[in-house]
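To start, the structure under review is shown below, and the notes come after it.
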Amino acid sequence: MGLIPSSELHDESAAATLSELEREVARRRTFAIISHPDAGKTTLTEKLLLYAGAIELAGAVRGRKARRHATSDWMALEQERGISITAAALEFELDGRRMSLLDTPGHKDFSEDTYRALIAADSVVMVIDAANGVEEQTRKLFEVCRRHRLPILTFINKFDRPARDPLELIDDVERTLGISAAPVNWPIGNAEHFRGVYDIPRSHLLLYEREAQGQFRAPVDVADLDDPAARTLIGDSAYAHFIESLDVIRHAGTPFDAAGYRAGQQTPVFFGSALTNFGLEPFLHALVELAPSPQPRPSDSGMVPPTEERFTGFVFKIQANMDPRHRDRVAFVRVCSGRFTKDMVVFNSRVGRPIRASRAYRFFGRDRETISVAYAGDIIGLVNPGQFAIGDTLHSGAPVQFLGVPRFPAEHFGRVRLQDTRYKQFDEGLRQLEEEGLMQVFFVAAGRREPIVGVVGALQFDVITSRLRTEYGVEIEIDPATYTAARWVADPAQKLPSLGGQSAVAEDRKGRRVILFASEWEVQYFERQHPTIALLVESPIDDPAAGRN
Ligand SMILES: Nc1nc2c(ncn2[C@@H]2O[C@H](COP(=O)(O)OP(=O)(O)OP(=O)(O)O)[C@@H](O)[C@H]2O)c(=O)[nH]1
Ligand SMILES: [Mg+2]
């Protein structure tokens, strides 16, 4: 194609590696599943894995004791409450493609985790509850996708229950989100009259039978729409309404356009029911066919193409104790270019030091498997002896720093009271969970045993309490504290005035001074009164750009 430098064309082995790289990149699809809480992300994830043959039985999200748990909801508190708290990575093969799926939590208190997962993905599956339409959290996540120009496929779920009219749902997506919505299939009836979907471009009717607990693959029948048998199966009443609304869509709806999808200008829409396995096969096939392969990534030295020889990647998540037997910390890395190989020496651009990546894994929920090689689009886990932080760029060759892994300032604060005498485990647990980015820990001058934790969402207090109990054997209670904002004092030598009101001076783990404020108003008041004291929203050293030289 004339784009390969002539020096490399003369070197046969370089040309061969290049094409292997291109082949591997081209077959990868990395996508995140997002929505408002409870729309069915984890259920859909489970079913996609089932269809791809990656798991035998789909686990129920709120499984009774004897049943399996969903593969992506592996944490004890997730299984107890039937919600997703932390983004989970799952990889599987389908039709010769390597799919990497990120199931994300819907609850707003965990959206920091979701935002970071979005940064690691090349496209998104947006799940909408057919009875509720576009909900608040979906809207917020959609805005993040729009900012990053991520292509979005929409799955309108739960048609096995009473649902809003499909025309109204399409209209809702278009108006509420401001994106054009192109239905690719159309639902036939809903609730107990839900029979299946009509594949618009192929003019095929896909009818389903309900099966016991929706656990096994549902049979798919394809027939012509004019077939009298189809009319009989659908039933006269549903048939008339279905034909009518399909007619509206065919004449006035947005036609599907692959380029528009890739550019993030339109979202193809699919209807179905993850729980009862309706409409999953066509959706999964569309995902395989349409979702983009790994895309170039913005860095401080321009766009990094996925087929570049140099290995690059960034840490978007850190998780401690995924495997209770090993008690290790895993840094999740999205590979952005080149070839990652086991035992490779990589550089962390924040600290500028080489690290041998000897323990590298691919993940399937909680399960892991050693990898020998990874390419752009892959999510790899490096066992992290405290060497990586969220936002770190890893690379071989020339230095590079990827841009924009977001961090969120804490808004809720609580005083942690240890209920037993397991001080060592308590300190260790707090330290590790802080490293994960679950919370920030502050120590007010007196009493290191009662630190103050700051979190983005209040539900994270429950996560801290539960994880300290199950992972470290420590009982704590967290009492709400009056603070709502933390600011680091930029200059360590600067003398601080005595604080009025509810504010307090504290230290973080590294002994840097932090002022805890009771309100945003107090922050502003302080800044007006003391214009020479520079305050930072983020801790100075954790900023990945700061350590670069
Ligand atoms: N009737 C019906 N229920 C469904 C369907 N899909 C999911 N559910 C149920 O909806 C509830 C929530 O499903 P999840 O898959 O946990 O939803 P989620 O989006 O992962 O939730 P969070 O991760 O907590 O945001 C569970 O009780 C599911 O069984 C569906 O197609 N039909
Ligand atoms: Mg979930």
Side-chain angles (χ1 to χ4, degrees), residues 32-51 55 57-64 67-90 101-115 117-118 124-142 154-164 169 187 189-197 208 210-215 218 270-281 283-284 365-366 457 459-460 462-463:
I33 304 197
I34 59 160
S35 80
H36 198 76
D38 267 5
K41 298 175 290 297
T42 300
T43 308
L44 182 64
T45 297
E46 250 342 77
K47 296 305 176 76
L48 295 185
L49 296 177
L50 177 68
Y51 272 76
I55 51 174
L57 281 180
V61 175
R62 278 181 191 79
R64 276 174 260 119
R67 283 167 77 185
R68 286 184 71 248
H69 286 292
T71 314
S72 51
D73 283 349
W74 55 267
M75 201 181 266
L77 192 62
E78 293 182 314
Q79 298 182 348
E80 223 168 81
R81 300 207 179 167
I83 59 171
S84 304
I85 289 171
T86 183
L90 303 147
L101 180 164
L102 293 154
D103 180 21
T104 68
H107 196 288
K108 69 171 173 30
D109 285 12
F110 310 124
S111 39
E112 188 168 4
D113 211 59
T114 300
Y115 288 142
L118 283 174
V124 161
V125 167
M126 177 168 75
V127 183
I128 289 171
D129 183 322
N132 302 336
V134 177
E135 294 172 272
E136 192 197 341
Q137 200 54 19
T138 307
R139 225 180 49 231
K140 287 193 186 144
L141 293 167
F142 175 84
T154 299
F155 186 80
I156 303 190
N157 190 30
K158 304 197 184 183
F159 253 80
D160 61 307
R161 299 230 314 244
R164 281 164 65 175
L169 286 162
N190 70 63
E192 63 271 32
H193 303 297
F194 185 40
R195 292 286 172 269
V197 293
Y208 300 82
R210 273 184 214 217
E211 272 180 296
Q213 297 173 321
Q215 277 192 338
F270 298 77
F271 295 84
S273 158
L275 192 69
T276 58
N277 297 333
F278 282 33
L280 294 180
E281 256 176 9
F283 180 69
L284 187 54
R366 165 180 267 171
L459 257 189
Q460 286 173 308
D462 294 359
V463 178

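Residue indices begin at 1 and follow the sequence shown. In listed order, ligands and their atoms are each counted from 1. Just the heavy atoms: all of them, side chains too, but no hydrogens, waters or symmetry mates, feed the values below.
Side-chain contact between Phe271 and Asn157 is absent, with no heavy-atom pair separated by less than 4.5 Å.
For a threshold of 3.5 Å applied to N or O pairs, the pair formed by Pro105 and ligand 1 contains no separation below that value. At least one N or O atom of Leu275, backbone or side chain, sits closer than 3.5 Å to an N or O atom of ligand 1. Among the atoms of Thr43, some N or O lies under 3.5 angstrom from an N or O of ligand 1. For ligand 1, none of its N or O atoms has an N or O atom of Asp103 under 3.5 Å away.
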For this session: Please lay out, stage by stage, how Thr154 and Ile128 fare under the test side-chain contact (heavy atoms from CB on, under 4.5 Å).
Result: CA-CA 7 Å; Thr154 299; Ile128 289 171; 3.8 Å; yes
For this session: Please lay out, stage by stage, how Asp129 and Arg161 fare under the test salt bridge (charged side-chain N to carboxylate O under 4.0 Å, His left out).
Result: CA-CA 10 Å; Asp129 183 322; Arg161 299 230 314 244; 5.1 Å; no
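One N or O on the side chain of Asp113 and one on the backbone of Ala87 form a donor-acceptor pair closer than 3.5 Å.
At a cut-off of 2.8 Å, Thr45 does not coordinate the Mg ion (ligand 2) through any N, O or S atom. Taking 2.8 Å as the criterion, Thr43 does not count as a coordinating residue of the Mg ion (ligand 2), since none of its N, O or S atoms falls below it.
Contacts with ligand 1 closer than 4.0 Å are made by side-chain heavy atoms of Asp160 only, the backbone lying farther away. Contact annotation for Ser273 and ligand 1: heavy atoms of both the backbone and the side chain come within less than 4.0 Å of the ligand. The proximity of Asn157 to ligand 1, defined as any non-hydrogen pair under 4.0 Å, is limited to the side chain.
Judged as a side chain to side chain contact (heavy atoms under 4.5 Å, CB included), and not counting sequence neighbours, the contacts of Ala163 are Ala130, Phe159, Asn190.
Here is the list of ligand 1 atoms found below 4.0 Å of a heavy atom in Ala39: 19 (O). Heavy-atom contacts of Gly40 reach the following atoms of ligand 1: 7 (C), 13 (O), 14 (P), 15 (O), 17 (O), 18 (P), 19 (O) (cutoff under 4.0 Å). Close contacts of ligand 1 with Ile83, meaning ligand atoms under 4.0 Å from a residue heavy atom, involve 24 (O).
Relative ring orientation between Phe283 and Phe270 is described as perpendicular, the plane-to-plane angle rising above 60° on a 0-90° scale split at 30° and 60°.
For the residues Arg161, Lys47, Glu78, Lys41, the heavy atom positioned nearest atom 25 (O) of ligand 1 is part of Lys41.
Using a 4.0 Å cut-off between charged nitrogen and carboxylate oxygen, Asp103 and Lys41 do not count as a salt-bridge pair. Note on Glu135 versus Arg139: no salt bridge recorded, every NZ/NE/NH1/NH2 to OD/OE distance being 4.0 Å or above.
Residues Ser35 and Thr138 bring no donor and acceptor atom of their side chains to less than 3.5 Å of each other.
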